[in-house]
Amino acid sequence: MKNKVFETIIHGVFLILGLITVGCVLLITVYLIISGIPAISKIGLFEFLFGTKWASTDAEPSYGILPFILTSIYGTAGAILLGVPVGFLTAVYLAKIAPAKIRTIVSNAVSLLAGIPSVVYGLVGMLVLIPGIRTLFDIPDGASLLAAIIVLAIMILPSIINVSITALEAVPKEYEDASLALGATPVETYFRVSVPAAKSGIAAAVVLGVGRAIGEAMAVMMVAGNVANMPSLFQSVRFLTTAVASEMSYSSGLQRQALFSIALVLFLFIMLINATLNFFLKRNKEE
Amino acid sequence: MKKQSISKRRKGYISLMKALMILSAVLTCAVVLFITIYVLVKGIPNISWNLLSTKPSYLDGNVGILPDILSTIYIIIATLCIVIPIGAGAAVYLTEYASNKRLVSVIEYAAETLSGIPSIIYGLVGMLFFCQFLNMQTSLLAGALTLVIMNLPTVMRTTQESLKTVPMSYREGAFGLGAGKWRVIRTVVLPGCIDGIITGCILSVGRILGESAALLFTAGVAHVLNGFFEGLANSGATLTVALYFYAKEKGEFDVAFAIAAILMILTLLINLLATLVGVIFKRRRNA
């Protein structure tokens, strides 16, 4: 009897440990909604989301976050445009063609890339990319959307490469053998049989990259210049993430509440991306 | 004969794809190599014993990062001490206890959601909940608790994976000998998942080392020399946060690069360790 009670208690303890994860998600969601709603209701949802002017410290402050939303979308799209082709082709090379030795070296390089702290990317970006863009395009300041896009493209490479490799390796060998037996060359087989067969997994890799890019804060803060402009490739811009980070330390009142609302908007974006990611991962598993 | 049967167009396609793949792989490696060498070359000459062993002082203009190093170590220890029991416990619950499929999928979905949330959102919620609601102020402990939530999915996943490799027959054998559930877990299951926990630790250390956005508003930016418990109760900048401040707010790039080089070396070491541990555990399991 005593034993049974003891076992039940232990069971309960493990159950609680398991539920902590769920609790954390609820905590984050509830806190973001509670702290994000007041400013939106004060400013007005439409004005907040589609206002084109962010001037939180003016005498007559205006809180429109359209510039941040668009910058985040453009920046992410740019990073995907640059990063996905490179990451995808590297993944096919590593998964299918590369000799074992080269594969080990490149995979180690990729995992190093994944481990580099984002502030180090920011630092290198500040001292290499920004001056480079300034002289190359002859503009007064190199801190721009372009610099952020390049940094983000590099930062999402590991996610794209690793997830794509996993997907490509899961393609049944029979598919490839059949294609080879029909007379296709290996390279043709990889791109016309293996890649289509792994398309859900590769889509998941892209979506994961989108999530990483839209959520990155510090590296972007160091290279994008942080002026609340509407996005333009060679202008200083502010992302959703950096909008929160750059004003948090000195904000107060409605301005601070508005920052929480920006975080809520970012959170909704991320939840949408997560749902898409799960959709593709699930489909990949079913295939 | 066989060569002739391939048309010129196909040949062109094959060589083009091959060239593009190799180009992408080379580009990826070149980026890694460039960042690593650039940071090490610019940083290592600036690392001095004085920098590593003193605290910064405005009076004599001394720059030292000892407090930042200690803060980083404190926060790593504190985070691991909390996240390992919770993460491993949750994994044990999922694989050993949980019989309700719904509950399992809810917990797993929560863990996936957590791993997709950007660090700036963790920072914000950590600030609202730990620093303000629980009244911890800006302190290393608040930062560590925020990092616990961030690293929970990692530890859970690695432990779960290694639990799956513990053969069912071990458990059945122990049950057959009359052991209770808790006894089986303590003596058979937990020793079997030690490698997963260690892998989780290494990955978490890497992530904590590189984290900055989540710590900026929770752990703060102070550079004060403290003991462990005193340190946890007070604000302190970790190496990444210190890097950000030296580079972005103060423009002292020498110090920033010295820190970046240290972080880079640590990242290299952690990657090496993770690979090594992976190889050792794999060998042991196969033996």
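Proteins get letters first, then strands, A, B, ... in listed order; numbering begins at 1 in each. Reckoned from all heavy atoms, side chains included, excluding hydrogens, waters and symmetry mates. The structure presented is a predicted model; accordingly, all values stated were derived computationally and were not measured.
Residue B/Ser24 comes nearest to A/Pro85 through the heavy atom pair OG-O, 4.3 Å, listed as atom of the first residue, atom of the second, then distance. Between B/Ala25 and A/Tyr93, the closest heavy-atom pair is CB-CD2, 3.7 Å. The two residues A/Pro117 and B/Thr240 make their nearest non-hydrogen contact at CB-CG2, 4.0 Å. Closest of all the heavy-atom pairs between B/Tyr97 and A/His11 is CD2-ND1, 3.4 Å.
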If you apply the rule side-chain contact (heavy atoms from CB on, under 4.5 Å), what do you find for A/Thr185 with B/Lys11, and how did you get there? CA-CA 9 Å; A/Thr185 62; B/Lys11 255 189 193 158; over 6 Å; no

In sequence, state the C-alpha distance, the side-chain angles, and the governing distance for B/Ile120 and A/Leu266, and then conclude on side-chain contact (heavy atoms from CB on, under 4.5 Å). CA-CA 10 Å; B/Ile120 182 82; A/Leu266 177 65; 3.9 Å; yes

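In terms of non-hydrogen atom pairs under 4.5 Å with chain A, the most contact-rich of B/Val31, B/Thr28, B/Leu263 is B/Thr28. Highest contact tally toward chain B, considering only A/Leu27, A/Leu127, A/Ile273, is held by A/Leu127 [criterion: heavy-atom pairs under 4.5 Å]. In terms of non-hydrogen atom pairs under 4.5 Å with chain A, the most contact-rich of B/Val39, B/Ile117, B/Leu27 is B/Ile117. Interface check for chain A: of the options B/Tyr122, B/Phe133, B/Tyr13, B/Phe34, the most heavy-atom pairs under 4.5 Å are formed by B/Tyr13. Each of A/Val128, A/Ile214, A/Leu15, A/Val13 has some count of heavy-atom pairs under 4.5 Å with chain B, and the biggest count is that of A/Leu15. Of the listed residues (A/Met222, A/Met218, A/Met271), the one with the most heavy-atom contacts under 4.5 Å to chain B is A/Met218. Across B/Ile121, B/Leu266, B/Ile149, the residue that shares the most heavy-atom pairs under 4.5 angstrom with chain A is B/Ile121. In terms of heavy-atom pairs under 4.5 angstrom with chain B, the leader among A/Asn274, A/Leu208, A/Ile10 is A/Ile10.
At a threshold of 4.5 Å between non-hydrogen side-chain atoms, the residues A/Leu277 and B/Glu112 do not count as touching. Side chains of B/Tyr93 and A/Leu19 form no contact here, defined as non-hydrogen atoms less than 4.5 Å apart. B/Met21 is listed as a side-chain neighbour of A/Ile97, based on a closest heavy-atom distance under 4.5 Å. Using a 4.5 Å heavy-atom cutoff, the side chains of A/Leu259 and B/Leu124 are not in contact. Side-chain atoms of B/Glu108 and A/Thr21, non-hydrogen and from C-beta on, never get closer than 4.5 Å to each other. In this structure, the side chains of B/Met127 and A/Met248 come closer than 4.5 Å at one or more pairs of heavy atoms. B/Tyr109 is listed as a side-chain neighbour of A/Asn278, based on a closest heavy-atom distance under 4.5 Å. Counting heavy atoms from C-beta outward, A/Ile28 and B/Phe129 have side chains that stay 4.5 Å or more apart.
With rounding to the nearest 0.5 Å, the separation of OH in B/Tyr246 from CG in A/Leu123 is 14.0 Å. Put simply, CG on B/Leu114 and SG on A/Cys24 are 6.0 Å apart, with the number rounded to the nearest 0.5 Å. Within the model, atoms CZ of A/Phe191 and CD1 of B/Ile14 stand 11.0 Å from one another, a figure rounded to the nearest 0.5 Å. A distance of 10.5 Å separates CE in B/Met156 from CG in A/Leu17, rounded to the nearest 0.5 Å. Distance check: B/Ile86 CD1 to A/Ile20 CD1 gives 4.0 Å after rounding to the nearest 0.5 Å. For the atom pair OG (A/Ser111) and CD1 (B/Ile270), the distance works out to 12.0 Å, reported to the nearest 0.5 Å.
Other residues, nucleotides and ligands place more than 12 heavy atoms under 6.0 Å from the CZ atom of A/Arg256. At most 12 heavy atoms of other shown residues, nucleotides or ligands fall within 6.0 angstrom of atom NZ in B/Lys18. The environment of CZ in A/Arg212 is sparse: at most 12 heavy-atom neighbours from other residues, nucleotides or ligands sit within 6.0 Å.
Results of the side-chain contact (heavy atoms from CB on, under 4.5 Å) test with A/Leu112 over B/Ile35, B/Thr267, B/Leu33 single out B/Thr267 as the only residue that passes.
Proximity to chain A is absent for every atom of B/Leu239, based on heavy atoms less than 4.5 angstrom apart. For a residue to count as touching a neighbouring chain, one of its non-hydrogen atoms must lie under 4.5 Å from one of that chain's; by this rule A/Met221 touches chain B with backbone and side chain alike. The part of A/Ile270 that comes within reach of chain B is its side chain, from C-beta onward, which places non-hydrogen atoms under 4.5 angstrom from that chain. For a residue to count as touching a neighbouring chain, one of its non-hydrogen atoms must lie under 4.5 Å from one of that chain's; by this rule A/Ser118 touches chain B with backbone and side chain alike. Of the two parts of A/Ala263, the backbone and the side chain both hold a non-hydrogen atom closer than 4.5 Å to a non-hydrogen atom of chain B. Proximity to chain B (any heavy atom under 4.5 Å) is shown, for A/Arg103, by neither the backbone nor the side chain. For A/Ile105, no part lies under 4.5 angstrom from a heavy atom of chain B. Within the 4.5 angstrom heavy-atom criterion, atoms from both the backbone and the side chain of A/Ile116 approach chain B. Using a 4.5 Å cut-off between heavy atoms, A/Leu94 does not touch chain B at all. Within the 4.5 angstrom heavy-atom criterion, only side-chain atoms of B/Leu216, from C-beta onward, approach chain A. The part of B/Thr36 that comes within reach of chain A is its side chain, from C-beta onward, which places non-hydrogen atoms under 4.5 angstrom from that chain. If you measure heavy-atom distances from A/Tyr121 to chain B, the contacts under 4.5 Å come from the side chain alone. Proximity to chain B is limited to the side chain of A/Met126, based on heavy atoms less than 4.5 angstrom apart. Heavy atoms closer than 4.5 Å to chain A are found in the backbone of B/Pro85, but not in its side chain. Heavy atoms of B/Phe257 lying under 4.5 Å from chain A belong to its backbone as well as its side chain.
Using cut-offs of 30° and 60° on the angle between ring planes, the pair B/Trp182 and A/Phe14 is tilted.
The backbone N or O of A/Asn108 sits nowhere less than 3.5 Å from a side-chain atom of B/Asn271 that would complete a donor-acceptor pair.
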